[in-house]
Amino acid sequence: MSKQKLMAIDGNSILNRAFYGLPELLTTSDGIYTNGIYVFLNIMHKFIEEENPEYICVAFDLKAPTFRHNKYEGYKANRKGMPEELRVQVPLLKEVLDAMNIKRLEMEGFEADDILGSVSLCAEKKGLEVILVTGDRDAFQLIGPSTRLKLPRTRGGKTEVEEYDYNKIVEVYGIKPEQFVDVKALAGDTSDNIPGVPGIGEKTALALIKEYNNLENLYNSLDSIKKKGLREKLETFKEQAFLSRELALIERNMPSLCDIEELKRVEIDREKTYEIFKRLEFRSFIDKFGLNDVQIQNTVELNVKIAKNASELESLKNNILKSRKVCIYHLIDKTGSFSQKLAAIAISPVEDEAWYLDFTNNIDEDEFFRQFKDVLEDGNIKKYGHDLKNFIVYLNNRGIDFNGLAFDTMIGAYIINPSKETYTISELAQEYLNLSVKAVEELAGKGKSFTLFKDMQPDVLSKTVGVYPHVISKVSRKIDSLLKENNQERLYYDIELPLVRTLADMEYYGFKVNVDALVEFSKELQEKIDVVTKEIYTLAGEEFNINSPKQLGVILFEKLGLPIIKKTKTGYSTDAEVLEELSDRHEIVEKILEYRQLVKLKSTYAEGLLAVINPYTGKIHSSFNQTVTATGRISSTEPNLQNIPIKLEMGRKIRKVFIPSDENYLLLDADYSQIELRVLAHITNDENMINAFLNNEDIHTSTAASVFGIPKEEVTPLMRSRAKAVNFGIVYGIGDFSLAKDLKISRKEARAYIDGYLDRYPNVKKYMHDIVEEGKEKGFVTTMFMRRRYLPELKSRNFNIRSFGERVAMNTPIQGSAADIIKIAMVKVHGELKKRKLKSRLILQVHDELIVETFKDEKEEVEKILLEGMQNAVSLKVPLVVEIKSGSNWYETK
DNA sequence: CCCGCACTCT
DNA sequence: CATGAGAGTGCGGGT
């Protein structure tokens, strides 16, 4: 029978190696560093698989001074502390090991080395085979006939292992493992600050020990050393050599560490391990350890009542009228491309009472709304929900005027951390309550083709969703207290929450489209595309798929032999920038650019928009998403109305099809002039920039005048356009390289522009520096209204990631504050239109502009409301200027 | 079904 | 050492 095995791991050493082995600082989505733990677990897991040891332990150093410090105060004196990013991972790693039931060993006054030494000696005595795992070659001295060493080295996330056993040591070094202390006694160790004998390096030391076996023998035979210098060094530092040996000698007889049976491997605690892996976002480990099916410790014990009839609805309603609050989780099912149906509602008047209303089986939706219209419209009954915008849109369609919005957990979670991909109830429960709740998204199936809820077993759905109101209630309280902590209450309660209703109304109201004109436009485009396609085929001498960059690349760079300007990961780059550079080398290039432009217009805009016109309303009802961007902007989908062409005339024409609801209405387009630069002037408090705005100057002209050091009257159009590029670039944290490319100037000139700019606006320069420092220190940056964005990238050791973080730190407060401001304006404008019972409606926001469909008679009043709402949304050190244009279609509002 | 590319906007 | 922030859509091509 082969021997049983014990594996002893030097926790500090391996974690250290792991940390430095993975170049990117892996973090969880809320910024906990995990790269060291991640690699550590990979290494450990691999070794456990390889060796399958019966016993295992991980040893750690403790902070307290060791017996070595007592012997020699210089010991490890020049050792730097761990970087903060690594230090925070130590307790987490220990938590992981505890969850995995892997024994941790640590003892005051000793280092992990000593623990390895002592445990291995005990294990040897008990007849076990020992595998030591460490990144430190000092442990060579512990190798013995039944003790081996694994020395992992990680680079770029890849781990290689060197293995040493007794024979290999003898073979490679020509000495026995236990003689390494004597080598170190002579050679010393700079990293531990062990002095050794100055002037003797590893090679000499090794040769000496090889010849003399040990220190005693060497010093007894000093006379036989021929080299005078060497002999004198040895003589002079004899005492230091012996002290060094003591320091280098790993303790193998630590007291009370010898109960090997305690180190016996046992099953991991699946729940705890699952919990911490989830917390650290180690999805791959959850798979690797087969933990996907773990049912979690914390579940909600709740008796969810399934409503069966109208009288039960009535008693639920009465309870809500009593509590004056209600938590609602709504499930809206897509029943067709333009139709949806309320599938179910989970609802609870108090935290421990939950109802499930199933509108596909038990409850009649009309009956429910008859009974609950009052409740839903009563502003004094507080509504807590999740993603309520969609519910409000649904209610709008049913003629119900939702009021009393008190909390939306999706929005709340977004304010706490806007960088997450998704905000599902299940994730929120885990993150904020450490509670595991099944995800309804998993039941519905992935992707856009929604599985109809009616095809699912109703009890699965009711059990899953039934507890959601309870979760909403708890999470809302938790998030509320975090909002207080972060000083984000105003942002949440005065801006984001009211905005939910504003966006819902915008979606509901929609943007009217002239369908016939759009169809006609599409046809015109197709005709043009046909012509250009033929021309391209002729010029290429063959037919190919022009839409395929791959095929196009072959034609341009292989068949036609055009020079390769730029490559992508997958092949030749054929983007507009490249094509423009090639445009005078071959006729085909211009045609390709024209083709691309036409095809984009036809597919994305003409056909894309036709596909999303609601046949019942003749309007486009885009979704405005409030929890997508990391900066606080809103986004628009299905379709995206925030990227309708405007720059090129051919594309701009598409705006003609966007029209008011009928002939009694007009479109108003109100846009902020230079909002981001005004915000920049305000935030940086830069006198020069503030004055430019106060004097109502053209900012690009005045920047040009400043940078070129000439009077404004002498600024040429070229100078102004260059200044404009710098103004924009500065906001994004541009570098000289990109600016040079932008302006087709030399890098040196670009650098001079940027430097000149920063000299002229010294507070901008200071801000750009300070905000990065602040972000690094706090871990996040904030906007004027305390919107927060976490930036773990700032601490990355990877230059690219870190630089990205720095640019984001500079840009987010600017872009985000502008987003805050226009959101305030939206809420004000929407509220005012409603309060005055006007027929005009806010229908669209495009980051710095608001589009209102105004009843013709109300035009002047609405213009005032827009100006007031937008210009006075916030008081800055510079004025906010708004320009309003009107037209009978969107094209005309220019 | 997902990724990369290309293009659209502020 | 690589190189300007934030988004969404449609297509091709590989799985």
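So you know, we letter chains A, B, ... as the sequences are listed, proteins then strands, and number each from 1.
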Q: Could you check whether A/Asn811 gets within reach of a base, just the sugar-phosphate, or nothing at all, counting any heavy atom under 4.0 Å?
A: sugar-phosphate

Q. Have A/Asp698 and A/Thr701 got a donor and an acceptor in their side chains that come within less than 3.5 Å?
A. yes

**Q.** Positions of residues 563-578 of chain A (non-hydrogen atom under 4.0 Å from DNA chain C), listed by number
**A.** none

**Q.** All salt bridge (charged side-chain N to carboxylate O under 4.0 Å, His left out) counterparts of A/Lys534, not counting sequence neighbours
**A.** none

Q) Could you state the CG-C1' distance from A/Leu598 to B/dT8, rounded to the nearest angstrom? A) 14 Å

Q. Contact class for A/Asp736 vs. all strands (heavy atom < 4.0 Å): base, sugar-phosphate, or nothing?
A. nothing

Q: Answer with base, sugar-phosphate or nothing: what part of the nucleic acid does A/Val628 contact at a heavy-atom distance below 4.0 Å?
A: sugar-phosphate

Q: Grab the NZ-P distance between A/Lys741 and C/dT3 for me, whole Å please.
A: 8 Å

(Q) So A/Gln551, base contact, sugar-phosphate only, or nothing? Heavy-atom distance under 4.0 Å. (A) sugar-phosphate

Q | A/Asn547 side-chain N/O to C/dG12 phosphate OP1/OP2 under 4.0 Å | A | yes

**Q.** For atom NE2 of A/His847 and atom C1' of C/dG6, their distance in whole Å
**A.** 7 Å

**Q.** With A/Ser635, the side chain to side chain donor-acceptor pair (under 3.5 Å) member among A/Asn625, A/Thr627, A/Asn640, A/Thr629
**A.** A/Asn625

Q.
Less than 4.0 angstrom from a charged side-chain N to a carboxylate O is my criterion; do A/Glu542 and A/Lys559 meet it?
A. yes

Q.
Is there a side-chain contact between A/Lys894 and A/Arg655 in this structure, where contact means two heavy atoms from C-beta onward sitting under 4.5 Å apart?
A. no

Q: Give a yes/no answer on whether the side chain of A/Lys647 brings an N or O atom under 4.0 Å of OP1 or OP2 in B/dT8.
A: no

Q.
What is the separation between atom OH on A/Tyr605 and atom P on C/dT9, rounded to the nearest whole Å?
A. 10 Å

Q | A/Arg747/A/Asp736 ion pair, N-O < 4.0 Å | A | yes

Q | Given C/dC11, C/dG4, C/dA5, the nucleotide with the shortest approach to the side chain of A/Ser603 | A | C/dC11

Q: Give one of base, sugar-phosphate or nothing for A/Arg747, where a contact means two heavy atoms less than 4.0 Å apart.
A: base

Q: With the side chain of A/Ser548 defined as its heavy atoms from C-beta on, choose the nearest nucleotide among C/dG13, B/dT10, C/dG6.
A: C/dG13

Q. Any Lys/Arg nitrogen of A/Arg797 or A/Glu85 sitting under 4.0 Å from an Asp/Glu carboxylate oxygen of the other?
A. no

Q: Report yes if at least one side-chain N or O of A/Lys550 is closer than 4.0 Å to OP1 or OP2 of C/dG14; otherwise report no.
A: yes

Q. Quick one, which residues of residues 799-808 of chain A touch DNA chain C with a heavy atom under 4.0 Å?
A. A/Phe799, A/Asn800, A/Phe804, A/Arg807, A/Val808

Q. How is A/Val846 classified with respect to the nucleic acid when contacts are heavy atoms under 4.0 Å: base, sugar-phosphate, or nothing?
A. sugar-phosphate

Q.
Just to be sure I understand the rule, does A/Ala818 reach a base, reach only the sugar-phosphate, or reach nothing, if contact means heavy atoms closer than 4.0 Å?
A. nothing

(Q) Measuring only the P atom in each nucleotide, how far is B/dC5 from C/dT3? A whole number of Å is fine. (A) 13 Å

Q: Check the distance between C/dG4's P and A/Phe737's CZ and give it to me in whole angstrom.
A: 8 Å

(Q) Looking at A/Ser635, I'd like to know whether one of its side-chain N or O atoms comes within less than 4.0 Å of OP1 or OP2 on C/dG8. (A) yes

Q.
Does C/dG6 have OP1 or OP2 under 4.0 Å away from a side-chain N or O of A/Arg789?
A. yes

Q. Taking the side chain of A/Gln815 as heavy atoms from C-beta outward, which of C/dT3, C/dG10, C/dG6 is closest to it?
A. C/dG6

Q: Measure the distance from CG on A/Asn640 to C1' on C/dG8 and round it to the nearest whole Å.
A: 5 Å

Q. Salt bridge between A/Arg633 and A/Glu676, side-chain N to carboxylate O under 4.0 Å?
A. yes

**Q.** A/Tyr732 ring over C/dG4 six-membered base ring, under 5.5 Å and 30°
**A.** no

Q | Nearest-nucleotide pick for A/Arg596, side chain only, options being B/dC7, B/dT8, B/dT10 | A | B/dC7

Q) So what does A/Ile646 hit on the nucleic acid, given a heavy-atom distance under 4.0 Å: a base, only sugar-phosphate, or nothing? A) sugar-phosphate

Q. So, A/Tyr757 versus A/Tyr761, ring centres under 6.0 angstrom or not?
A. yes

Q: Inspect the surroundings of CD in A/Glu590 and state if more than 12 heavy atoms from other residues, nucleotides or ligands are less than 6.0 Å away.
A: no

Q. Hey, are A/Tyr767 and A/Asn685 close enough side-chain-wise for a donor-acceptor pair under 3.5 Å?
A. no

Q) Checking all strands, does A/Ile644 fall into the base, sugar-phosphate, or nothing category for heavy-atom contacts under 4.0 angstrom? A) sugar-phosphate

Q. For A/Phe511 and B/dC9, what is the distance between atoms CZ and P respectively, to the nearest whole Å?
A. 16 Å

